[in-house]
Structures are given as structure tokens and as C-alpha cells.
Amino acid sequence: MSVSPVPPRADLGRGPGWIGWPLRSAAVLHLFGVLAQAVFAGLFVTGDVDMLAWHRTNGGFTHVTLYLQLVASILLWRPARGPAWPALAAAGLVAAETLQVVAGQERVLAVHFPLGMAVFGATTVLTVLVWRVTR
């Protein structure tokens, strides 16, 4: 009678390392972009009107990094057989940030400010969780 080793668990909720670093990098870049958005918005509100252009430009960069994060999280989910929640969370952030851009362009500050804070919090939580799931 031979003793076989215990088989590894099939679903640990983690994907292979090949997609881990691109996903982590996109998440961190996105988080830095969102943080910079808050800084630029705060400086604009306190009277530095030049920061509005920086806020707009950084918004484009931040949105692009979120799409990179979405693509990486889809790759984690589908071909890498990792969890689906990072892709769903990134898709939710895409929707929230798209609304954020529209509210900002239309100057609907009653939506833009609180939604920006929600995006900041959700981005922070998602970045921490992405690092946990891909280590």
C-alpha cells in the first residue's frame, strides 16, 4: 500500500504568477493616479486654477491605467483560471469613473466630489486585495 501526497487544492482563488505583476502594477498605478486626482482637485479648489488642467490630464492617465487593470484582471480570471471578482470590481470602477468623468465635465459637483471619494476608497481596497490574491 502506497501513500500518495495530499493533492493541492484546486481553487485557492489565486492565479499564476505570470499575470500577477502586470495586475499589481496596473492597480498601483491606478491608485497613484486617483491619489493625484484628489491632490489636484484640492489645489484647484483652494485657488490654484492651473491645477484644473492637471486634474483633467491626470484623469485621462488614471482612466487608462484602470482599463489596463481591467484587462489584466480578465486575464487572471479567464486564461489563468483565477478568481472573477477582480475583473468584476475593475468593471464596476470603470463604470464609476466613467460617471465621474461625465459629472466633472458637466460640473455636477454634488455627484463629482462624493463619487471621487468613493472611487478613492474602492481603489484603495481593490489594490490591497489584488496584492493579496496574486502573491
Side-chain angles (χ1 to χ4, degrees):
M1 176 187 310
S2 68
V3 177
S4 64
V6 176
R9 287 185 51 193
D11 182 20
L12 292 176
R14 297 180 182 180
W18 66 269
I19 194 60
W21 282 109
L23 179 55
R24 289 176 189 162
S25 300
V28 168
L29 283 174
H30 181 247
L31 180 60
F32 285 154
V34 170
L35 174 62
Q37 282 298 86
V39 170
F40 295 142
L43 290 172
F44 170 70
V45 169
T46 60
D48 191 347
V49 294
D50 293 334
M51 289 298 113
L52 185 59
W54 282 88
H55 184 70
R56 184 181 312 114
T57 301
N58 185 62
F61 164 79
T62 302
H63 212 58
V64 167
T65 60
L66 178 56
Y67 276 102
L68 293 174
Q69 183 177 348
L70 176 63
V71 168
S73 61
I74 290 170
L75 291 173
L76 172 72
W77 171 36
R78 296 313 299 164
R81 299 181 187 262
W85 67 261
L88 296 172
L93 272 175
V94 166
E97 280 192 17
T98 301
L99 177 60
Q100 178 75 347
V101 168
V102 171
Q105 289 174 343
E106 297 297 321
R107 306 291 193 261
V108 184
L109 301 182
V111 173
H112 191 70
F113 284 177
L115 185 56
M117 294 172 62
V119 165
F120 185 87
T123 299
T124 302
V125 169
L126 182 57
T127 301
V128 168
L129 293 176
V130 159
W131 272 82
R132 286 187 176 183
V133 78
T134 58
R135 43 177 180 143

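All values reported here derive from a predicted model rather than from experimental measurement. In this chain, residues are counted from 1 in sequence order.
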hydrophobic_cluster_shared for [Y] and [X], side chain cutoff 4.5 Å:
X	Y	answer
Val125	Leu31	no
Leu52	Val45	yes
Phe40	Leu35	no
Leu66	Leu75	yes
Met117	Leu43	no

Would you check, one step at a time, whether the test side chain to side chain contact (heavy atoms under 4.5 Å, CB included) holds for Thr98 with His63? CA-CA 8 Å; Thr98 301; His63 212 58; 3.6 Å; yes
What is the minimum heavy-atom distance between [X] and [Y], and which atoms define it?
X	Y	answer
Val119	Ala96	CG2-CB, 4.0 Å
Ser73	Ala87	OG-CA, 3.3 Å
Val94	Tyr67	CG1-OH, 3.3 Å
Ala80	Trp18	CB-CZ2, 3.9 Å

Any side-chain heavy-atom pair of Leu129 and Pro86 under 4.5 Å: no
To the nearest 0.5 Å, what is the distance between [atom1] on [X] and [atom2] on [Y]?
X	Y	atom1	atom2	value
Thr46	Met51	OG1	CE	9.5 Å
Asp48	Trp54	CG	CH2	11.0 Å
Leu126	Leu93	CG	CG	6.0 Å
Thr62	Glu97	OG1	CD	6.5 Å
Leu23	Trp77	CG	CH2	14.0 Å
His30	Thr123	NE2	OG1	4.5 Å

For residues 102-116, which side-chain N or O atoms pair as donor and acceptor with protein atoms under 3.5 Å away, sequence neighbours left out?
from	atom 1	to	atom 2	distance (Å)
Arg107	NH1	Gly104	O	3.1
His112	ND1	Gln100	O	3.0
His112	ND1	Gly104	N	3.3

Please go through Trp21's hydrophobic cluster and name the other residues, only I, L, V, M, F, W, Y counting, with side-chain heavy atoms under 4.5 Å joining them. Val28, Phe32, Trp131
